[in-house]
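First the structure, in the form of structure tokens, and then the observations on it.
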Amino acid sequence: MFFILTLLLMYVGASAQTVVSDTVRGESVVQPQPTDDHYRIVTNRFWDNWFVFGEVGAHAFAGDYGSVGKFGGLISPDFKIGFGKWFTPGIGAKIQFGMGASKGYSKEETMWATGEQLTADDGTPYWKTKNKWLDFSVNAMFNLSRLFCGYEGKESDKLMNQFIASVGIGALHHYDIAAQRNEWSGHFELQYSRFFSKKKDISLDVKAHAILYQTNFDGITNKANGEDSRWFDANVGLSVGLTYYFKKRHWDRCLQCEEPVYITNTILPEPNCPEYKTMVFYVFFPNNYSGRDDAPIVKGSSVNAIDYLASGIFTQKRFADTDAVASALASGRSLASFKTEDLPTVKANKCEADGIARGYEMSSSPISLDMDAASMNEFKNKAGFYYAPIYSGDKTWYYRVDNETSTQKLISAENYKESTSYGLNAHSGLDVVKQNMKLDDEADLYSFADIYAAVEGDGGYISGFADTTTVAELKNIFENGRIQFVSAEGLATSQDNYVGEDAENVGLERNKALAYNRARTVIQWLKDSGVFKNIGRNSFSLNALTDPISTVNDKSTRGLNAKLNRCVKVRINYVIEKQ
């Protein structure tokens, strides 16, 4: 009953402190806020995040007469087994059963004295003692690594080494004696856990532990010879063990919106009769890519997802050792073992159409490049470096993907490479979009390239894929009009190759995450751009649809249907004076 009460109290407290889907509600807008803060998570159901453990070790008994004999005579083995639950990444509880014996010395012949009377060097008589016990305890656990560093996320290679502190109370039973004795015990542990895979399902644990007892644990309270008694007796030791964590092992970072969100324009015209209009544009993304938190370590720069879509190169990575790659290409050796590093992106209006920039769905040339020696050397002669794919385990990607999706297995090897392009992000691809997407009534359709050129600038590489007249029209709207509201909703395809436990729901949830994060990436770009800097933050909305998944039966991720449904749809409501 005590253990159940403790679990309930800690679960309620943890839930009250850490559920974090901050939702801003208005008359017609629901905006679920992403929880990027590493210290904020969504708590799980009661049956998630359980674990079992076992350990063996040794301890030294610190009793009233510990210094009479040799230290080696105080050491004895013990073991523990138990189970527990993490309520949040940093707070949990466990229940454990321990068994052992406490060996020591006594100058008084207590019930635990064994063997014959011995004599110390100073002539004092003493006895060896052995105290057998069983211990049952409930402990609160604190993952210090996650409390200080924040939660690392699902299947992350961060925090593979963790430190956990535990404190608890137990009930101890002495056995193998004529009289029955029971008492309380106090437990303190500092645990080091080493995980060997990103799943964090099994850990090797090393623990320093101390168990405190009342001072008569060894049968001695007031010493017969007048020596001072200790305030308490204790077992202090080290142990090694294993812990297995059951599914679900991780925590999510945001709550999904329960219902579709629809933005309705109900603003009536002002007396001077300005035009209230709506524009729509789509941004199309590669498979398994949303651009969320796409900021690799590039000194003084970063990889910007929107710039990658507009003018990125291959995977936006290069091989670090140019000479070694050149030698390997010449000899026909594999490049898989060579180190790669991220390339910073460049604004599409500030780079030229020199055969290096590609962009995603900007032209008939796909963003993926060939890895043969002739193609790589030709590119290196222009750019000064060798482009590189994304290696993730046994997967090799030929276009940029999110870290969270880089380990996913695709249906066929061809899907790891973009070999087809329809120019969907360019002005020239608008006809294809109009023929295949359900368009809004009374909304003007623009291409991503046109919007990018109007927002970032219309020179350089992007000028080849945007329409000059359209860009001038958009600039006039942004400069002379008044933006009222910007909303974005993401889409992902039903294509998923996960075949593990609960495959249908796992595939659905990770595609929902892709859809939401794609919309978030585009909204963040617009918020940060100079064109939209005077628009209030409350004028932006992420519409988290209940079902943002489009059914695609094609096994290829390179087909037109698949590409059309990996996108973000953006609606901009604005007011502009009639010309």
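Residues take their numbers from the sequence shown, with the count starting at 1.
Considering NZ of Lys512 and CD1 of Ile549, their distance stands at 7.5 Å, rounded to 0.5 Å. For the atom pair CD (Gln96) and NZ (Lys80), the distance works out to 6.0 Å, reported to the nearest 0.5 Å. A distance of 11.5 Å separates CG in Asp201 from OG1 in Thr243, rounded to the nearest 0.5 Å. The line from CZ of Arg400 to CG of Leu343 is 9.0 Å long, rounded to the nearest 0.5 Å. Between atom CH2 of residue Trp133 and atom CG of residue Asp78 there is a gap of 5.0 Å, rounded to the nearest 0.5 Å. Expressed to the nearest 0.5 Å, how far CD1 of Ile91 lies from CG of Leu147 amounts to 6.5 Å.
Without hydrogens or angle criteria, Asn415 side chain to Thr557 main chain gives a donor-acceptor distance under 3.5 Å. Side chain of Asn511 to main chain of Thr493: a donor-acceptor pair is present (N/O by atom type, distance under 3.5 Å, no hydrogens or angles). Proximity of a side-chain donor or acceptor of Ser76 to a complementary backbone N or O of Ala101 within less than 3.5 Å is detected. Side-chain atoms of Ser145 come within 3.5 Å of backbone atoms of Phe163 as a donor-acceptor pair (strictly under, hydrogens ignored). No side-chain donor-acceptor contact under 3.5 Å links His209 to the backbone of Gln191. In this structure, Arg146 contributes its side chain and Gly90 its backbone to no donor-acceptor pair below 3.5 Å. Under a 3.5 Å cut-off, the side chain of Lys85 and the backbone N or O of Trp47 do not form any donor-acceptor pair. Proximity of a side-chain donor or acceptor of Asn49 to a complementary backbone N or O of Thr88 within less than 3.5 Å is not detected. Looking only at distances, a side-chain donor or acceptor of Thr405 sits under 3.5 Å from a matching main-chain atom of Asn288.
With sequence neighbours left out, Val346 forms a side-chain contact (heavy atoms from CB on, under 4.5 Å) with Lys350, Cys351. For Lys200, the salt bridge (Lys or Arg N to Asp or Glu O under 4.0 Å) partners are Glu152, not counting sequence neighbours. With sequence neighbours left out, Tyr416 forms a ring-ring contact (aromatic ring centres under 6.0 Å, His included) with Trp397. Under the side-chain contact (heavy atoms from CB on, under 4.5 Å) criterion, Thr315 pairs with Lys317, Ile390, sequence neighbours left out. Take Lys132 and apply the salt bridge (Lys or Arg N to Asp or Glu O under 4.0 Å) test, not counting sequence neighbours, and it matches Asp176. For Ser334, the side-chain contact (heavy atoms from CB on, under 4.5 Å) partners at least two apart in sequence or on another chain are Ala336. Listed by chain and residue number, Val486, Ala488, Lys527, Phe540, Leu542 satisfy the side-chain contact (heavy atoms from CB on, under 4.5 Å) test with Ile523 (two or more places apart in sequence, or in another chain). Residues meeting the salt bridge (Lys or Arg N to Asp or Glu O under 4.0 Å) test with Glu404, sequence neighbours left out: none. For the salt bridge (Lys or Arg N to Asp or Glu O under 4.0 Å) test, residues two or more places apart in sequence or in another chain that qualify with Arg318 are Glu341. The ring-ring contact (aromatic ring centres under 6.0 Å, His included) search around Phe217 returns Phe61, His174, Tyr213, not counting sequence neighbours. For Phe319, there are no ring-ring contact (aromatic ring centres under 6.0 Å, His included) partners, not counting sequence neighbours. Qualifying ring-ring contact (aromatic ring centres under 6.0 Å, His included) partners for Phe79, counting only residues two or more places apart in sequence or in other chains: none.
Using a 4.5 Å heavy-atom cutoff, the side chains of Leu74 and Lys103 are not in contact. Counting heavy atoms from C-beta on, the side chains of Ile164 and Trp86 come closer than 4.5 Å. Looking only at side-chain heavy atoms (C-beta outward), Glu509 and Asp252 stay at 4.5 Å or farther from each other. At least one side-chain heavy atom of Pro89 sits under 4.5 Å from a side-chain heavy atom of Ile41. Between Thr407 and Lys198 there is a side-chain heavy-atom pair separated by less than 4.5 Å. Looking only at side-chain heavy atoms (C-beta outward), Leu242 and Leu204 come within less than 4.5 Å of each other. Within the 4.5 Å cutoff, no side-chain heavy atoms of Tyr516 are placed close to those of Arg292. Residues Thr43 and Phe87 fail the side-chain proximity criterion, which asks for heavy atoms closer than 4.5 Å.
Residues Asp402 and Arg518 are not paired through a salt bridge, judged by the lack of any N-O separation under 4.0 Å between the basic side chain and the carboxylate.
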Q: Using the side chain to side chain donor-acceptor pair (under 3.5 Å) rule, take Ser185 and Asp135 through it: C-alpha gap first, then chi angles, then the decisive distance, then the call.
A: CA-CA 8 Å; Ser185 58; Asp135 185 79; 2.7 Å; yes

Q | Chi angles and distances behind the side-chain contact (heavy atoms from CB on, under 4.5 Å) call for Asn139, Glu189 | A | CA-CA 10 Å; Asn139 299 264; Glu189 291 181 359; 5.5 Å; no

Q.
Does Asn304 form a side chain to side chain donor-acceptor pair (under 3.5 Å) with Thr345? I'd like the steps, not just the answer.
A. CA-CA 6 Å; Asn304 180 283; Thr345 48; 5.5 Å; no

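The side-chain tip of Arg194 points at the ring of Phe196 from less than 6.0 angstrom away and within 45° of straight on.
Nearest heavy atoms, Thr521 versus Ala305: CG2-CB, 3.8 Å. The heavy-atom pair separating Val303 from Pro344 by the smallest distance is CG2-CA, 4.5 Å. Here the closest non-hydrogen pair linking Gly73 and Tyr105 is CA-OH, 3.2 Å. Pairing each heavy atom of Val568 with each of Ala519, the nearest pair is CG2-N, 3.4 Å. When all heavy atoms of Pro77 and His59 are compared, the pair lying nearest together is O-CE1, 4.0 Å.
Side-chain rings of Tyr289 and Tyr308 approach one another, their centers coming within less than 6.0 Å. The distance between the ring centers of Tyr245 and Phe51 falls below 6.0 angstrom.
Taking the six-membered ring where tryptophan is involved, the planes of Tyr175 and His173 are essentially parallel, since the angle between them stays under 30° and well short of 60°.
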